[in-house]
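To keep things clear, I will list the structure first and then write my remarks on it.
Reminder, nothing fancy here: chain letters follow the sequence lines and each chain counts from 1.
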Number of protein chains: 2
Amino acid sequence: MTYAKDMPVDTALASELRTTVMRLARRLRNQRTDDSLSLSQIAALGTLVRHGPLTPSELAAHERVQPPSMTRLLAKLEAAGLVTRTDHPTDGRQVLVAVSQQGLDMIKADRKRRDAWLAQRLRDLTPEDREVLHRAAEVLGRLAEQ
Amino acid sequence: MTYAKDMPVDTALASELRTTVMRLARRLRNQRTDDSLSLSQIAALGTLVRHGPLTPSELAAHERVQPPSMTRLLAKLEAAGLVTRTDHPTDGRQVLVAVSQQGLDMIKADRKRRDAWLAQRLRDLTPEDREVLHRAAEVLGRLAEQ
DNA sequence: TATTGTTATACTCTATAACTATA
DNA sequence: TATAGTTATAGAGTATAACAATA
C-alpha cells in the first residue's frame with residue numbers, strides 16, 4: 001500500500017484498518033446460518049456468559065439499548081429457555097438474569113460455527129501471515145477495549 | 001495467550017481474531033455521532049461510490065437486501081439529494097442510480113469522522129504495534145475479500 | 001413469458017412515555 | 001420521592017406477495 005505524502009501516517013493506517021476490519025466483521029456476521037436467534041439476542045446472551053448474572057438494567061446499559069427494549073428481548077430469551085430470572089435477594093424491585101445450561105450450549109454451538117469459517121481461511125494462509133495475525137489480534141484487542 | 005493442547009491452532013486463532021475484530025467493529029460503528037443517515041443508507045451510498053452507478057437490483061444484491069427494501073432506501077437517499085436516478089439508455093425497465101456530489105461529500109465527511117477516533121488511538125500505540133497492524137491490515141483485507 | 005421496479009402489507013427491533021411496585 | 005422493571009404505543013427497517021411496465 002502507499003501513503004499520500006501530505007497525510008499523517010496514522011490517518012492512512014486508520015482508514016485502511018477501519019475498512020478491512022468492518023469488511024471482515026460483515027463477513028463473520030453473515031456466517032450465521034441458523035436464524036433461530038437475532039444478533040441482539042446472541043449478543044445479550046454472550047454478555048451474560050462473559051459477565052455472569054446481571055439485572056435487566058445493567059444488561060441494557062452493556063448492550064446500549066433502552067430498558068424496555070431489553071425487557072422484550074429477555075422475554076423471548078426466557079420463552080426459549082435460554083435465560084432464567086431470579087428475584088434479587090435484598091431488593092424486591094430488582095431481578096437477576098442468568099444464562100441457563102441450554103443458553104450456554106447454544107452460545108457455544110454458535111461460536112463454533114462462526115469460528116469454522118474463519119479457521120478454514122486461516123489454514124490457507126502462510127505461517128508468516130498467521131504469525132502476523134496472531135500478534136495483531138492482541139493489539140486489536142487493546143484498541144477495542146479502550 | 002494460551003492454546004488448549006487438544007485444540008488445532010487455527011481454531012484458537014480464529015476464535016481470538018473473531019472476538020477482537022467483532023469488538024473493534026462494534027466500537028467503530030458506534031463512532032457515528034451524526035444520525036442523519038442510517039447504517040444501511042451509508043453502506044449503500046458507499047457501495048455506489050466504490051462501484052459507480054448501479055441499478056436498484058444490482059445494489060440490492062450487493063447489500064444483500066431484497067429489491068423492495070432497496071426501493072425504499074433509495075427513495076430516502078434521493079429525497080435527501082444524495083443520489084440521482086437516470087433512465088437506462090437501452091432498457092426502459094431499468095434505472096441507473098448514481099451518487100450526487102452532495103452524496104460524495106457526505107460519505108467523505110463520514111469516513112473522516114470515523115477515522116479520527118481510530119487514528120487517535122493508533123497514536124497512543126508503540127511504533128512496533130503500529131507496524132504489526134500495518135502488516136495485519138493487508139492480510140485481513142485478503143481474508144475479507146474471499 | 002420473463003425481468004425490472006414499485007406498491008401493499010406485515011413482522012421485527014428499538015425508542016419514548018406512562019404505569020406499577022418497591023426502597 | 002427515586003429507582004427497577006414493565007406495558008402501551010410509535011417509528012424505522014426489512015421481508016414476502018401482488019402489480020405495472022417493458023423486453
Side-chain angles (χ1 to χ4, degrees), chain A residues 26 29-30 32-48 51-80 82-99 110, chain B residues 22 25-26 29-30 32-48 51-80 82-98 106 110:
Chain A
R26 200 173 305 132
R29 202 176 321 123
N30 287 343
R32 216 173 57 88
T33 52
D34 183 317
D35 281 12
S36 53
L37 284 187
S38 74
L39 281 177
S40 314
Q41 292 167 340
I42 289 278
L45 213 50
T47 296
L48 285 176
H51 288 78
L54 294 172
T55 67
S57 293
E58 289 170 337
L59 192 51
H62 268 292
E63 301 301 312
R64 312 245 179 150
V65 298
Q66 294 301 309
S69 304
M70 190 50 69
T71 292
R72 290 197 49 170
L73 197 158
L74 287 176
K76 291 187 182 176
L77 289 180
E78 191 181 23
L82 303 176
V83 301
T84 58
R85 304 167 114 102
T86 55
D87 291 341
H88 192 282
T90 60
D91 189 335
R93 297 170 302 181
Q94 295 189 47
V95 180
L96 275 177
V97 182
V99 177
D110 183 77
Chain B
M22 294 306 286
R26 200 174 306 131
R29 202 175 322 121
N30 287 343
R32 216 174 59 89
T33 51
D34 184 317
D35 281 14
S36 53
L37 284 188
S38 75
L39 280 179
S40 316
Q41 292 167 341
I42 288 280
L45 213 49
T47 296
L48 284 177
H51 287 80
L54 294 172
T55 67
S57 293
E58 288 170 337
L59 191 52
H62 268 292
E63 300 301 313
R64 312 244 179 148
V65 297
Q66 294 303 308
S69 304
M70 190 49 70
T71 292
R72 288 194 50 168
L73 197 159
L74 287 176
K76 290 185 183 174
L77 289 180
E78 191 180 24
L82 303 176
V83 300
T84 58
R85 302 169 115 103
T86 55
D87 292 340
H88 193 283
T90 60
D91 188 335
R93 297 170 302 182
Q94 296 190 47
V95 181
L96 276 176
V97 181
M106 161 151 276
D110 183 77

Numerically ordered, the residues 56-63 of chain B set in heavy-atom contact under 4.0 Å with DNA chain C is Pro56(B), Ser57(B)
OP1 or OP2 of dA15(D) less than 4.0 angstrom from a side-chain nitrogen or oxygen of Ser69(B), does that happen here? yes
Find the distance between CZ (Arg93(B)) and OG1 (Thr55(B)) and round it off to the nearest 0.5 Å. 11.0 Å
Here the gap from Thr47(A) atom OG1 to Leu59(A) atom CG, rounded to the nearest 0.5 Å, amounts to 6.0 Å
Euclidean distance, atom CG of residue Leu73(A) to atom P of dG5(D) [Å, nearest integer]: 15 Å
Provide, to the nearest angstrom, the distance between the CG atom belonging to Asp87(B) and the P atom belonging to dA23(D). 11 Å
Please list, chain by chain and in numerical order, all residues satisfying salt bridge (charged side-chain N to carboxylate O under 4.0 Å, His left out) with Asp87(A), sequence neighbours excluded. none
Identify the heavy atoms of Leu45(A) and Leu82(A) that sit nearest to each other, and give their distance. CD1-O, 4.0 Å
For Leu54(B) and His51(B), work out which heavy atoms get closest and say how close. CD1-CB, 4.1 Å
Anything under 3.5 Å between a protein N or O and an N or O of nucleotides 10-13 of chain D, put it in a table, one pair a line.
unit_1: dG13(D); atom_1: OP1; unit_2: Ser38(B); atom_2: OG; d: 3.3
unit_1: dG13(D); atom_1: OP2; unit_2: Lys76(B); atom_2: NZ; d: 2.7

Show which side-chain atoms of residues 66-78 of chain B pair as donor or acceptor with protein atoms under 3.5 Å away, not counting sequence neighbours.
unit_1: Thr71(B); atom_1: OG1; unit_2: Pro67(B); atom_2: O; d: 3.2
unit_1: Glu78(B); atom_1: OE1; unit_2: Arg85(B); atom_2: NH1; d: 2.8

Mind listing the residues from residues 88-95 of chain A sitting with a heavy atom below 4.0 Å of DNA chain D? Number order is fine. Arg93(A), Gln94(A), Val95(A)
Quick one: how far along DNA chain C does chain A reach, first to last nucleotide 5' to 3', anything under 4.0 Å to a heavy atom? dC13(C) to dA23(C)
